[in-house]
Amino acid sequence: MINGTCKSRVRKRADQIKSYRCKNLIAVLEYPTDIKNIGTVIRNVNALGIEKTYIVDPKKSLPDDWSEMRNRKSLSKTSTSAIKWSFVKRFDSTEDCISHLEKNRFISVVTSPHIKGKDNVVLHEGDYTYPRLAVWFGNESRGISDLAVANSEFCISIPMYGMIESLNLGTTSGIVLYEVTKQRRAFQVAYKRAIRGPRITGQLKI
């Protein structure tokens, strides 16, 4: 009976959040090295209703199979069990990940400081309502790769006003993905209203 009650609560929660999830939105981690950061990002992804996480992991530190990831204690602990409710896919290289995204018609944007020759936007000034969007986050120390930048639509920067002009991966992903999901949820609501059309009140006159 306890298991049945637990399942019903999970199902109820899943039904409650279904309409708020951001479809066709993927967070991409390129060469992350700290398992705590990976877990934190997955937690952010799940909490903000993002569909998937892709991880570029050439060292194969993570298993290919998602069910194996879900049962890995280090990921379960650092993500506060979010890994059990979030789809995660790993790739051997940036090239493989880009190819997969392009094949499925995803537009990529990257989080990076100002890069000469690319469109650079401040976080809250960007448009993140593309039908299919992948948001890339770079390595903790090296940042995003030149290849990922070259294949992106634009670069996102977070405005900072202190002596320290950098944030860790977990914090950066939380701030960026919050703005992205806020825009996409508002867009989804507006789109649904447009499809339904204006509400008709009163009696129809012939």
Side-chain angles (χ1 to χ4, degrees), residues 22-46 48 50-70 72 74-75 78-79 82-83 86-121 123 126-128 130-158 166-181 184:
C22 292
K23 297 179 180 179
N24 297 316
L25 176 61
I26 299 172
V28 183
L29 305 185
E30 187 185 36
Y31 311 139
T33 57
D34 191 326
I35 195 69
K36 292 181 180 179
N37 284 335
I38 296 173
T40 299
V41 174
I42 292 172
R43 180 179 181 178
N44 291 341
V45 163
N46 182 264
L48 293 170
I50 295 164
E51 195 168 46
K52 298 175 182 177
T53 303
Y54 286 177
I55 301 177
V56 179
D57 172 38
K59 294 183 179 180
K60 299 184 184 294
S61 56
L62 298 173
D64 284 317
D65 188 79
W66 179 42
S67 62
E68 288 185 43
M69 284 193 213
R70 294 175 69 187
R72 180 162 289 194
S74 57
L75 275 178
T78 57
S79 70
I83 184 65
S86 304
F87 179 79
V88 181
K89 180 178 178 66
R90 68 166 297 279
F91 292 85
D92 288 330
S93 67
T94 298
E95 291 89 342
D96 288 347
C97 188
I98 290 172
S99 177
H100 178 83
L101 289 168
E102 290 181 345
K103 180 180 178 181
N104 289 281
R105 306 190 308 280
F106 274 81
I107 295 294
S108 288
V109 296
V110 300
T111 53
S112 178
H114 182 86
I115 295 179
K116 188 175 181 180
K118 290 294 296 186
D119 286 336
N120 296 268
V121 301
L123 175 61
D127 178 8
Y128 310 107
Y130 293 90
R132 297 167 184 253
L133 181 68
V135 184
W136 287 66
F137 299 91
N139 174 271
E140 293 91 336
S141 58
R142 300 192 305 273
I144 202 77
S145 72
D146 291 341
L147 181 60
V149 172
N151 286 273
S152 67
E153 192 74 8
F154 57 82
C155 300
I156 305 165
S157 63
I158 300 173
S166 64
L167 298 168
N168 66 35
L169 180 58
T171 303
T172 297
S173 66
I175 293 172
V176 171
L177 294 175
Y178 180 84
E179 176 63 28
V180 172
T181 55
R184 291 181 75 85

Taking only residues at least two apart or on different chains, which pairs with a member in residues 148-157 satisfy side chain to side chain donor-acceptor pair (under 3.5 Å)?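 Counting only pairs at least two positions apart or across chains, no side chain to side chain donor-acceptor pair (under 3.5 Å) contact touches residues 148-157.
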Give a yes or no on whether the backbone of [Y] and the side-chain of [X] come within a donor-acceptor separation of less than 3.5 Å.
X: Arg90; Y: Asp57; answer: yes
X: Ser86; Y: Ile83; answer: no
X: Asn44; Y: Gly170; answer: yes
X: Arg70; Y: Phe87; answer: no
X: Glu30; Y: Ser145; answer: yes
X: Glu51; Y: Asn24; answer: yes
X: Asn139; Y: Tyr31; answer: yes

Do [X] and [Y] make a side-chain contact, defined as non-hydrogen atoms from C-beta onward lying under 4.5 Å apart?
X: Ile158; Y: Thr172; value: yes
X: Leu25; Y: Val135; value: yes
X: Thr40; Y: Thr78; value: no
X: Phe137; Y: Leu177; value: yes

Kindly give the heavy-atom pair with the smallest separation between [X] and [Y], and that separation in Å.
X: Ile156; Y: Phe154; result: CG1-CE1, 3.8 Å
X: Leu169; Y: Gly138; result: CD1-O, 4.0 Å
X: Ile42; Y: Ala82; result: O-CB, 3.9 Å
X: Leu133; Y: Arg184; result: CB-NH1, 3.6 Å
X: Ala27; Y: Ile50; result: N-CG2, 4.3 Å

Quick one: CD1 on Ile38 to CE on Met69, what's the gap to the nearest 0.5 Å?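 Separation between the atoms: 9.0 Å.
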Nearest 0.5 angstrom please: Glu140 CD to Asn37 CG, how far?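 Going from the CD atom of Glu140 to the CG atom of Asn37 covers 4.5 Å.
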Applying side-chain hydrogen bond (donor to acceptor under 3.5 Å, both in side chains), name anything that partners Lys59, two or more places apart in sequence or on another chain.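 For Lys59, no residue satisfies side-chain hydrogen bond (donor to acceptor under 3.5 Å, both in side chains) once neighbours in sequence are set aside.
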Worked verdict on Lys118 versus Val110 for side chain to side chain contact (heavy atoms under 4.5 Å, CB included): CA-CA 11 Å; Lys118 290 294 296 186; Val110 300; over 6 Å; no
When the side chains of residues 98-109 are checked against the rest of the protein, which donor-acceptor pairs come out under 3.5 Å, sequence neighbours left out?
from, atom 1, to, atom 2, distance (Å)
His100, NE2, Tyr54, OH, 3.2
Asn104, ND2, His100, O, 2.8
Ser108, OG, Trp136, NE1, 3.0

Given side chain to side chain contact (heavy atoms under 4.5 Å, CB included), test Leu62 with Ile35 step by step and report yes or no. CA-CA 10 Å; Leu62 298 173; Ile35 195 69; 4.2 Å; yes
